[in-house]
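Written out below as structure tokens is the structure these notes cover.
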Amino acid sequence: MAQKTKLAADATAPAPGKLLKPAFFARSVHAVAPDLIGATLLINGVGGLIVEVEAYHHTDPAAHSFRGLTPRNRVMFGPPGFAYVYRSYGIHWCVNFVCEEEGSAAAVLIRALQPTHGLAAMRRRRHVDDERALCSGPGKLTEALGITDAQNGRRLDAPPFALFARTENVEIASGVRIGITKATELPWRYGWKGSRYLSKPFP
DNA sequence: CTCTTGATCTTCT
DNA sequence: GAAGATCAAGAGC
């Protein structure tokens, strides 16, 4: 029977822009982070528009790299353009993009996506139907995209990853980071102002 | 809507 | 032994 479809988000997914190469990440993490808002992140064809990120740097007490190299954070200390995946609260995975240069130990935590590609796969993995609940948090989006430590240390410009520059004008908001207990005053959370897909709205 | 709590594992003290 | 870059469910308003 004729029924209104909810597949429009897949059908109308915006044409991705230019493929982001390591040079894009070889800049200050505070320059890269806002430039990632509106970029398209895909893993095996599943993903969406990045709408929220946070910046971390080895000089920042809230960063995993603050106390030096460990087995967990070793990818953060490597070259830019790679994925750093870590276990959060023993349950979730979170994904970062390494920035700056080797030894800089700077990375951008990907916190929320606006789903555009592969929503059926996301719903299957997340066991929820609401589009706004699929990728509106760092642990949610890794579950929706199937990211685990199997992707830790993988380069971002080759399969299974695909990352494309934004193609539209985006109004960027910034504010304090979420869920941390150190350096809570630093305004290093960046997002797509007014997006319905944020983990939390900007004030 | 807000607040509280349990789940569960890695790292560091 | 405690804390942590989280999430979902349940209670209360």
Side-chain angles (χ1 to χ4, degrees), chain A residues 25 28-30 32-34 36-37 39 41 43 47-48 50-78 80 82-100 104-115 121-154 156 172-192 195-203:
Chain A
F25 298 97
S28 163
V29 70
H30 299 299
V32 175
L36 281 170
I37 303 303
L41 169 65
I43 307 217
I50 296 173
V51 298
E52 180 184 338
V53 302
E54 285 175 359
Y56 290 88
H57 187 272
H58 82 271
T59 56
D60 163 16
H64 289 169
S65 52
F66 183 65
R67 291 174 188 279
L69 182 74
T70 68
R72 173 177 70 161
N73 66 22
R74 65 179 175 77
V75 176
M76 269 188 94
F77 285 82
F82 286 76
Y84 163 47
V85 181
Y86 71 93
R87 180 76 94 169
S88 174
Y89 288 90
I91 303 171
H92 311 287
W93 298 107
C94 294
V95 63
N96 295 252
F97 298 164
V98 178
C99 296
E100 302 193 2
S104 199
V108 177
L109 171 69
I110 309 304
R111 286 195 54 91
L113 305 180
Q114 173 180 341
M122 293 187 192
R123 291 191 166 101
R124 201 157 54 235
R125 291 172 177 142
R126 291 270 300 127
H127 309 109
V128 298
D129 187 62
D130 181 6
E131 182 180 322
R132 296 178 61 178
L134 292 175
C135 298
S136 53
K140 297 181 191 180
L141 74 89
T142 55
E143 184 175 45
L145 273 58
I147 296 177
T148 69
D149 62 342
Q151 281 78 46
N152 189 37
R154 302 288 288 272
L156 296 167
I172 309 288
S174 67
V176 296
R177 294 171 294 182
I178 295 178
I180 58 173
T181 56
K182 301 172 209 157
T184 55
E185 73 287 357
L186 299 176
W188 292 352
R189 174 180 179 237
Y190 302 93
W192 191 323
S195 170
R196 299 160 17 93
Y197 300 91
L198 300 169
S199 68
K200 186 179 168 188
F202 285 86

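Chain letters run A, B, ... following the sequence lines, proteins first, then strands; residues in each count from 1. Atoms considered below: every heavy atom in the structure, side chains included; atoms not considered: hydrogens, waters and symmetry mates.
The shortest distance between the side-chain N/O atoms of A:R67 and the OP1/OP2 oxygens of B:dT13 is below 4.0 Å. Within the structure, a side-chain polar atom (N or O) of A:T181 is placed less than 4.0 Å from OP1 or OP2 of C:dG4. In this model, the phosphate group of C:dG4 is not approached by any side-chain N or O of A:K182 to a distance below 4.0 Å at OP1 or OP2. For A:R126, a side-chain nitrogen or oxygen approaches OP1 or OP2 of C:dA8 to under 4.0 Å.
The CG-P distance, from A:D60 to C:dG4, rounds to 14 Å in whole Å. The nearest whole Å value for the distance from the NE2 atom in A:H127 to the P atom in C:dA9 is 12 Å. One can place CZ of A:F97 at 15 Å from C1' of C:dA5, the figure rounded to the nearest angstrom. Rounded to whole Å, atom P of C:dA9 lies 13 Å from atom CG of A:D130. Spacing between atom NZ of A:K200 and atom P of C:dA8 amounts to 16 Å, rounded to whole angstrom units. One atom, CG of A:L186, and another, P of C:dA5, lie 14 Å apart when rounded to the nearest Å. In this entry the distance linking CZ of A:R74 with C1' of B:dT10 reads 15 Å, nearest Å. To the nearest angstrom, C1' of C:dT6 lies 17 Å from CG of A:L198.
You'll find the side chain of A:V95 reaches within 4.5 Å of the side chain of A:L141, heavy atoms only. The side-chain heavy atoms of A:E54 and A:V108, taken from C-beta on, include no pair separated by under 4.5 Å. Residues A:T148 and A:V85 are not in side-chain contact: their nearest non-hydrogen atoms beyond the backbone lie 4.5 Å or more apart. Side-chain contact between A:F97 and A:L156: present, with at least one pair of heavy atoms (C-beta onward) separated by less than 4.5 Å. Residues A:R87 and A:W93 form a side-chain contact, since some pair of their non-hydrogen atoms from C-beta on lies under 4.5 Å apart.
Using a cut-off of 4.0 Å between Lys/Arg side-chain N and Asp/Glu carboxylate O, A:R125 and A:E143 are scored as not salt-bridged.
Side-chain atoms of A:N73 come within 3.5 Å of backbone atoms of A:H64 as a donor-acceptor pair (strictly under, hydrogens ignored). Between the side chain of A:S65 and the main chain of A:A105, a donor-acceptor pair closer than 3.5 Å is present.
DNA chain B lies under 4.0 Å from at least one heavy atom of each of the following residues of residues 85-96 of chain A: A:Y89, A:G90, A:I91.
Using a 3.5 Å distance cut-off with no hydrogens or angles, the side chains of A:Y197 and A:E131 do pair a donor with an acceptor.
Classification of the A:Y190-A:H30 ring pair by plane angle, with boundaries at 30° and 60°, yields tilted.
Nucleotide C:dA5 forms no Watson-Crick or G-U wobble pair with any nucleotide shown, as no partner meets the under 3.5 Å limit on both distances.
When distances run from any side-chain atom of A:R72 to the nucleotides C:dC7, B:dT11, C:dA5, the shortest one goes to B:dT11. For A:I180, whose side chain is taken as the heavy atoms from C-beta onward, the closest listed nucleotide among B:dT11, C:dC7, C:dA5 is C:dA5. If you check C:dA8, C:dA5, B:dC12 against the side chain of A:T70, the one that comes closest is B:dC12.
Nearest-nucleotide positions on DNA chain C for A:K140 and A:A63 put A:A63 closer to the 5' end.
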Would you tabulate the pairs of protein nitrogen or oxygen atoms and nucleotide nitrogen or oxygen atoms of nucleotides 10-13 of chain C closer than 3.5 angstrom?
none

